[in-house]
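Input: a single structure, listed below in structure tokens.
All chains are named by letter (A, B, ...) in the order of the sequence lines, taking the proteins before the strands, and each is independently numbered beginning at 1.
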Amino acid sequence: MNPTTPTTGERPQPHTADEPETRPRRGRAFVVWWNRMRVMTIKEYLQLYRDRILIVFMLYAFTLEVFLAGSGVSMQLQNGALQVHDSDHSFASRELIHRFRPPQFSIDGEVLHHGESIEMLDRGEAMMVLDIPPQFQESLLAGETTSVQLQIDTSNPVLGFLATSYGEQIVGQYGLEAAMQREGIGLNEQAAPIIHEEHRVWYNANQNDAWFMSVVEMLNVITMFAILLPASAMAREKERGTVEQLLVSPLSTFQMMFPKVLAMTSVILVGTMITIHLILQPFFGVPFRGSLTLFMAVTAIYVFTTAGIGMLLATIARNLAQVGMLTALIFIPMVFLSGAWTPPENMPPVLRAVSAIAPLHHYIDASLGIMLKGSGIGLLWDSILAIALFGAAIYGMSMGYFRRQFG
Amino acid sequence: MNVRRVTAVASKEWREIVRDRMFLALTFLVPVSLMLVVGYGLSLDVEDIPLAIVDRDGTNLSREYAYRYIDSRYFDFKGYALDVHDLSPLLADNKIRAAIILPENFQKELLGGRPVVVQTLIDGTFPFRAQTTKGYVLAMNTSFSSEVLASYISKRRGIPLAQAATSIRPVTLEARYLYNQSMKSDWAITPRLIMVILMMTPPFYTALGIVREKERGSIYNIYSSTVTRLEFLIGKLIPYVGISSANAVILWLIATQLFGAPFKGSLLFFIPATLLYIICTTGLGLVVSVLVRTQVAAMVVTFIVTVIPSILYSGVIVPISSLSPTAQMTAHGLPAMYYTNIIVGTFMKGVGLRELWPDVLVLAFYATGLMTIGYRMFHKRPST
């Protein structure tokens, strides 16, 4: 590769005498500018390439990590461990118990004493205990009201809610059928004023968790590298003192910062392509209903913007350890509050405002929109604009700060 | 092992931390602000789901049905839509997440004693939210149908409404919520955040602390000194374990005092268990630091081995029981899950060593294992 051509002192030779002098000079300046950018970018690639362990872990993150997240994690109530405490042992009680079926519930066994069930809940061996009172069948046949008890470990409120709602559904249905049988008024499922519901889930008809989990995981991995790699590339120069060399070179602030961002962005985009083609599509069949090109374009803008956050952190921090801590400070709230786990509507107003400008939130919306909903630029322009505006602001800040620090 | 040399290494490390004031500030600022931001912001309750309704019937009964949704705190009613075709752009643009479509003759059929079908459209992009939405709609429909059915029976058979209502619900489900009676997710989340934060920060400090010496070359001073490997590692880790323990106390105070999470267990059990967990995660940092050469790599590796697993495989957001067998294996292979058990047990269930000894044992096993690996792999005579 060519070293940067020395520039000062050499006057460009005009081709013909009557041509204005400025044009070839400007052309020459552009060539020099271009060469500097190119050499700086290549330097970043080389530096990254030589850190083999980092490369290995990047590959891991872009492939296996996404695969594990997509293949294993589900947010639904599945095989909720249910213990039964049946004090009645009648036909009716067995009938009711058998309605607590997989996939939501799995009946793990029967407990004989009340104390035993509490102990199992304490140890976390059971999530729920269904308690059927004695004389359950008798009172049911006599037309009296009776109740069964479901003890639920709600230390995870989401599952607690789902278990209650399914449980109520099962018991309500059972009671209704028992009542209809007993009353014998010719009421049955088909001829009763009951609201049947027919729900259609759009965009992800089978409620495939793998789509959501693997895509969100990929976006998290992208975010992590987009902050960390450029930030540490910059902070490393500061820590090792090589930033002084750059400062005495004829490079401008922009030429110092931009090649790092450029190099890291391209590496992350390659990683994204690997994830899409090696993991998302072959293993999970994540549909790309929209345009892949649009997705990559949005990703490029997003990585650029997020790299800006990294650059800002690097200008604030003095060494890599500080960069690491600052990254943790920014990255983890970003992931938790991105709107993937918590709907933004449920956040306190201040955090909702933060999440409204946070680029990851818009990026998740745009990505899932492109992949699952097939949205095009017409629907997504506002998200893209929000990401780009955030990026512009953050670059302005970090370049200004950098100039003040070293200017 | 010479205690003086250990203290010398420890005090050198401590001085280095204290002199980097920003780093020192961040070691406390990061855990606390993560706790506050995520604790306040992360709620798994699904409320205010943006909703549209298409009422094709336009009768009293259909409006009454729609009002159930409009009044509900679970839904945020965005307005009536005239036609089903109007819904799809709204769903695509995230303006609504669900839609209810009431059929024509809704009132006529129901009052005539015949079933009706109400259609629900749900945005499935976020599967967990979609499932909860389905649960809400199901509950709404069940309660509305049983009222309609009760009034139908009471009219037809001439019995009072209340009697009809009980006659169709002979069995009720009494749900008893254990450990978290009000189902508040603040309570559930903040204690678990202690786990997440203590999973992440100690390896970070440790890995950076050791790799920094490697990258700057100052580790050659250690290589050439009389300090043994063990003395160096212990001295190096003591300040970081200390900082993390101080953080654990602060986080515990935030969880119990600020967020009002109940702490039912005994501190005599919780404190040693937490210390064990910190040693565990510090050991994780140690293993990372012997593997890598640069601080950048140390950070990336630490992030990958701590942040993502502590979110996905620890039971904070996703319960362990809903993981697939492979993911459950991953979860069982990481210390986070065991400490989550200890946290949930001591905070919410008030249980102690008698119930949680297996988890403590696993953590102890991890701590010794990780420290041994770190010690074995750390050489004073580097291969290159």
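- Ranked by non-hydrogen atom pairs under 4.5 Å with chain A, the options B:Asn94, B:Val196, B:Thr302, B:Val148 are led by B:Asn94.
- By the 4.0 Å N-to-carboxylate-O rule, B:Arg216 lies close enough to A:Glu239 to be salt-bridged with it.
- Annotation: the span from A:Asp51 atom CG to B:Gln295 atom CD amounts to 11.5 Å, rounded to 0.5 Å.
- For the options B:Ala99, B:Ser88, B:Pro358, heavy-atom pairs under 4.5 Å to chain A are most numerous at B:Ser88.
- Both the backbone and the side chain of A:Thr146 have a heavy atom closer than 4.5 Å to some heavy atom of chain B.
- Of the two parts of A:Val335, only the side chain, counted from C-beta on, holds a non-hydrogen atom closer than 4.5 Å to a non-hydrogen atom of chain B.
- The distance from the CG atom of B:Asp20 to the CD atom of A:Gln322 is 4.5 Å, given to the nearest 0.5 Å.
- Applying the ring-ring contact (aromatic ring centres under 6.0 Å, His included) rule to B:Tyr205 yields no partners; only residues at least two apart in sequence or on another chain are considered.
- With salt bridges taken as basic N to acidic carboxylate O contacts below 4.0 Å, one links A:Arg240 and B:Glu215.
- Among B:Val37, B:Thr201, B:Val305, B:Val116, the residue making the largest number of heavy-atom pairs under 4.5 Å with chain A is B:Val116.
- For A:Leu380, no part lies near chain B; criterion is any non-hydrogen pair under 4.5 Å.
- To the nearest 0.5 angstrom, A:Trp211 atom CH2 is 10.5 Å from B:Thr125 atom OG1.
- Side-chain polar atoms of A:Gln169 and B:Thr142 form a donor-acceptor pair below 3.5 angstrom.
- Between chain A and the residues B:Ile101, B:Leu110, B:Asp76, the largest count of heavy-atom pairs under 4.5 Å involves B:Leu110.
- Only the side chain of A:Leu140 comes within less than 4.5 Å of a heavy atom in chain B; its backbone stays farther off.
- Heavy-atom minimum distance, B:Leu208 versus A:Ala321: CD1-CA, 3.7 Å.
- With a 4.5 Å cut-off on non-hydrogen atoms, A:Asn319 touches chain B through its side chain but not through its backbone.
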Yes or no on side chain to side chain contact (heavy atoms under 4.5 Å, CB included) for A:Tyr60 and B:Ile304, after CA distance, side-chain angles and deciding distance?
-> CA-CA 9 Å; A:Tyr60 168 83; B:Ile304 291 175; 3.5 Å; yes
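- Contact tally against chain A (heavy-atom pairs below 4.5 Å) for B:Met200, B:Arg97, B:Glu355, B:Met22: the top residue is B:Met22.
- Between A:Leu54 and B:Ala297, the closest heavy-atom pair is CD1-CA, 3.9 Å.
- Considering every non-hydrogen atom in both A:Met325 and B:Val30, the closest pair reads O-CG2, 3.5 Å.
- Residue A:Ser165 touches chain B through its side chain alone, counting heavy-atom pairs closer than 4.5 Å.
- Rounding to the nearest 0.5 Å places CZ of A:Phe57 at 14.5 Å from CE of B:Met299.
- Looking at every heavy atom in both residues, A:Ala328 comes nearest to B:Leu34 through O-CD2, 4.0 Å.
- Nearest heavy atom pair, residue A:Pro333 against residue B:Val38, reads CA-CG2, 4.3 Å.
- The pair B:Asp123-A:Lys373 meets the salt-bridge criterion, with a side-chain N (NZ, NE, NH1 or NH2) lying under 4.0 Å from an Asp/Glu carboxylate O.
- If you measure heavy-atom distances from B:Phe347 to chain A, you find no contacts under 4.5 Å at all.
- Only the side chain of A:Leu372 has a heavy atom closer than 4.5 Å to any heavy atom of chain B.
- For A:Ile53 against B:Val292, the heavy-atom pair with the smallest separation is CG2-CG1, 3.6 Å.
- B:Phe204 touches chain A through its side chain: at least one heavy atom from C-beta onward sits under 4.5 Å away, while N, CA, C and O do not.
- In this structure, CD1 on A:Ile332 lies 7.0 Å from OG1 on B:Thr306, to the nearest 0.5 angstrom.
- Within the 4.5 angstrom heavy-atom criterion, no atom of A:Arg318 approaches chain B.
- Proximity to chain B is limited to the side chain of A:Leu228, based on heavy atoms less than 4.5 angstrom apart.
- For A:Thr327, the parts lying near chain B are the backbone and the side chain together; criterion is any non-hydrogen pair under 4.5 Å.
- Counting only heavy atoms from C-beta outward, the side chains of B:Arg212 and A:Leu320 never approach each other to under 4.5 Å.
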